[in-house]
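Note on naming: letters A, B, ... go to the chains in the order of the sequence lines (proteins, then strands), and numbering restarts at 1 for each one.
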Number of protein chains: 2
Amino acid sequence: MATKILIADDHSMFADGIESILNRQDGIEVVGKCYDGISIMPFLKENEVDIILLDVNLPEKNGIEVCKEVIASFPDMNILAISMFNQESYVSEILKFGAKGYILKNTGQEELMQAIQTIEGGKTFFSKDVTQTIMRGLMNDRKSSSKSEGFIPKITRREKEVLKLIVQEFTTQEIGEKLFISLKTVESHRSSLLAKVNARNTAGLVRIALEKKLID
Amino acid sequence: MATKILIADDHSMFADGIESILNRQDGIEVVGKCYDGISIMPFLKENEVDIILLDVNLPEKNGIEVCKEVIASFPDMNILAISMFNQESYVSEILKFGAKGYILKNTGQEELMQAIQTIEGGKTFFSKDVTQTIMRGLMNDRKSSSKSEGFIPKITRREKEVLKLIVQEFTTQEIGEKLFISLKTVESHRSSLLAKVNARNTAGLVRIALEKKLID
DNA sequence: AAGAACATAGGGGAAAACCCTCATTTTTTA
DNA sequence: TAAAAAATGAGGGTTTTCCCCTATGTTCTT
């Protein structure tokens, strides 16, 4: 029986291309395509799927959230993450939530086929580049655990509120007024934020907040 | 005789996918694939090509430069720009250099086929979304208004350099040292940047820079 | 060749951000 | 329930950003 594959990617040209490649292969059947994050769960409830090729950067609801959600309902689902970016935070995040593999969009079709077969056999698969990234991540975990790029300590509820307002261009004064707290308190929160994300100033804080999606 | 197509995209999975789609069509033949900007010219010198599907964001040498170069040597070459981003600057730039069309990676295969046929017939083709972007650009040119949400006036070369360093957390002082210009000059650039993106402070400037991808 | 746009840069001042230390109360968690 | 973490905020200082103003040489563009 053919392996049933669901492709989830917002770039339909990409999704169609992959579909076209896969449909030429024996033993593989593309049973569906999703162009955003929110339509995946409904599809899975109606259709049988063996493997999901999941783009990490989806609109509406990103791949990491989708992965978490899918695994919660279908713990044995085989998810192969596909991404443009070989970024440690993405890789480790989605693997943590149960993805079985991670490949980059610049990997060739032979490797794609290999990944699918490996995943279906219950094993994990990573592009060579990705493997190196993961190794580097592990090294950093062991060594310094905080200096390593990309690690962000927990941001508290209040800090997040302040951060959100900073990104929206409000001044410390204005933030205090909005949250009914003193300017000095807001300054405290700003300080901890700078320290936690390891930024030198507001510019870095905002950049990191957006890069790491620290605010909803 | 079949239309000869060259696909230029650094994501081989994408390029392979497109190839697979196109090869199923009658009258179309994919004669080559390039995974970076620098290998396109050599290929064109050795092979006959009717249409280039050119990714705007290529490594080594980006699509806009490639377009300029190709048109310089092959003025009648049909270039169809393909991009993830519906950004006015990209669109207008590459069209200025002789591309005959611009489509987004989220357009379906019917539209892709339509684009190819239109381009080959000597006409121009744009995705609907792109058309709107262009229109908006023209409107802005005419009215030169700035109130309209999301419109960002052109950032100059120097401003972009400064902006990049701001986002990297350097202070005005440090930026001056790096660029060998006075602190006051950097302040001037910061001022124009704030005015151009319509931000109140650095936080907003950085956010908009990242949102609108003002820096490469 | 003229005008527009760009890059340069100064003075001076107000506002905002940043830094350090310290302390109190509230909330959470082990 | 005691300890830890989070939220609050004050004093007092330095640095950086932001905002006026003006001005000059250079480099596109028309």
Side-chain angles (χ1 to χ4, degrees), chain A residues 146 151-209 214-215, chain B residues 64 68 89 92-93 95-97 137-138 140-146 151-209 214-215:
Chain A
S146 65
F151 170 69
I152 302 289
K154 241 168 260 159
I155 303 289
T156 69
R157 172 198 122 254
R158 204 53 158 171
E159 282 162 359
K160 192 189 273 191
E161 288 182 278
V162 170
L163 179 52
K164 213 179 288 187
L165 292 169
I166 290 171
V167 173
Q168 283 167 43
E169 301 179 43
F170 293 104
T171 66
T172 301
Q173 180 75 54
E174 291 165 344
I175 294 171
E177 283 157 17
K178 274 188 184 288
L179 300 181
F180 305 106
I181 53 180
S182 114
L183 179 144
K184 277 295 179 181
T185 306
V186 181
E187 278 191 338
S188 287
H189 293 311
R190 291 190 82 129
S191 269
S192 344
L193 281 167
L194 286 179
K196 284 185 180 177
V197 307
N198 202 25
R200 291 178 65 196
N201 51 35
T202 302
L205 177 58
V206 171
R207 189 196 71 236
I208 295 165
L214 299 184
I215 44 187
Chain B
I64 291 164
K68 187 158 48 168
S89 55
S92 60
E93 275 285 295
L95 292 182
K96 200 163 66 192
F97 290 125
L138 288 176
N140 285 331
D141 275 354
R142 208 172 300 143
K143 287 192 176 177
S144 85
S145 77
S146 54
F151 169 68
I152 303 289
K154 240 171 258 156
I155 303 291
T156 69
R157 171 198 122 256
R158 204 51 157 172
E159 283 162 359
K160 192 190 274 190
E161 289 182 277
V162 170
L163 179 53
K164 212 179 288 185
L165 292 170
I166 290 172
V167 173
Q168 282 167 44
E169 302 179 44
F170 294 103
T171 67
T172 301
Q173 180 75 54
E174 291 165 345
I175 294 171
E177 283 158 17
K178 275 189 185 286
L179 300 181
F180 304 106
I181 55 180
S182 114
L183 179 145
K184 276 297 182 179
T185 305
V186 180
E187 279 190 339
S188 286
H189 293 311
R190 290 189 82 127
S191 269
S192 349
L193 282 167
L194 286 179
K196 284 186 180 178
V197 308
N198 201 27
R200 293 178 65 196
N201 51 36
T202 303
L205 177 58
V206 171
R207 189 195 71 237
I208 295 165
L214 300 183
I215 44 187

Distance in angstrom units between [X] [atom1] and [N] [atom2], rounded:
{"X": "A:Glu161", "N": "D:dA7", "atom1": "CD", "atom2": "C1'", "result": "11 Å"}
{"X": "B:Leu179", "N": "C:dC6", "atom1": "CG", "atom2": "P", "result": "17 Å"}
{"X": "B:Ile155", "N": "C:dA5", "atom1": "CD1", "atom2": "P", "result": "15 Å"}
{"X": "B:Glu169", "N": "C:dC18", "atom1": "CD", "atom2": "P", "result": "10 Å"}
{"X": "B:Ile181", "N": "D:dG25", "atom1": "CD1", "atom2": "P", "result": "19 Å"}

message: Any base atoms under 4.0 Å from A:Ser192, or only sugar-phosphate, or nothing? Heavy atoms, all strands.
response: nothing

task: Could you check whether B:Ser191 gets within reach of a base, just the sugar-phosphate, or nothing at all, counting any heavy atom under 4.0 Å?
output: nothing

So, is [X] close to the [N] phosphate, meaning a side-chain N or O under 4.0 Å from OP1 or OP2?
{"X": "B:Arg157", "N": "C:dC6", "result": "no"}
{"X": "A:Thr185", "N": "D:dT8", "result": "no"}
{"X": "B:His189", "N": "C:dT8", "result": "yes"}

field: Heavy-atom check, side chain of B:Val162 versus side chain of B:Leu179, under 4.5 Å
entry: yes

task: Could you tell me whether the side chain of A:Val197 reaches within less than 4.5 Å of the side chain of A:Leu214, counting heavy atoms only?
output: yes

Check: protein-nucleotides 24-26 of chain C nitrogen or oxygen pairs below 3.5 Å:
none

field: Salt-bridge criterion met for B:Glu161 and B:Lys164 (N-O under 4.0 Å)
entry: no

If you round to the nearest 0.5 Å, how far is [atom2] of [Y] from [atom1] of [X]?
{"X": "B:Ile208", "Y": "B:Lys196", "atom1": "CD1", "atom2": "NZ", "value": "14.0 Å"}
{"X": "A:Thr156", "Y": "A:His189", "atom1": "OG1", "atom2": "NE2", "value": "6.5 Å"}
{"X": "B:Glu159", "Y": "B:Ile166", "atom1": "CD", "atom2": "CD1", "value": "10.0 Å"}

Using nucleotides 12-17 of chain D, report all nitrogen or oxygen pairs with the protein that are shorter than 3.5 Å.
{"residue": "D:dG12", "atom": "O6", "partner": "A:Lys184", "partner atom": "NZ", "Å": "2.2"}
{"residue": "D:dT17", "atom": "OP1", "partner": "B:Arg190", "partner atom": "NH1", "Å": "3.3"}
{"residue": "D:dT17", "atom": "OP2", "partner": "B:Thr172", "partner atom": "N", "Å": "2.9"}
{"residue": "D:dT17", "atom": "OP2", "partner": "B:Thr172", "partner atom": "OG1", "Å": "2.7"}
{"residue": "D:dT17", "atom": "O3'", "partner": "B:Thr202", "partner atom": "OG1", "Å": "3.4"}

- prompt: Checking side chain to side chain contact (heavy atoms under 4.5 Å, CB included) for the pair B:Thr202/A:Asn201: CA distance, chi angles, key distance, verdict?
  reply: CA-CA 10 Å; B:Thr202 303; A:Asn201 51 35; over 6 Å; no

- request: List the steps, then state whether side chain to side chain contact (heavy atoms under 4.5 Å, CB included) holds for B:Ile175 with B:Lys178.
  value: CA-CA 5 Å; B:Ile175 294 171; B:Lys178 275 189 185 286; 5.6 Å; no

query: Pick the nucleotide of DNA chain C nearest each of A:Ala199 and B:Ser182; which residue has the one closer to the 5' end?
result: B:Ser182

- prompt: What do the steps show when you test A:Arg190 against A:Glu187 for salt bridge (Lys or Arg N to Asp or Glu O under 4.0 Å), and what is the final call?
  reply: CA-CA 5 Å; A:Arg190 291 190 82 129; A:Glu187 278 191 338; over 6 Å; no

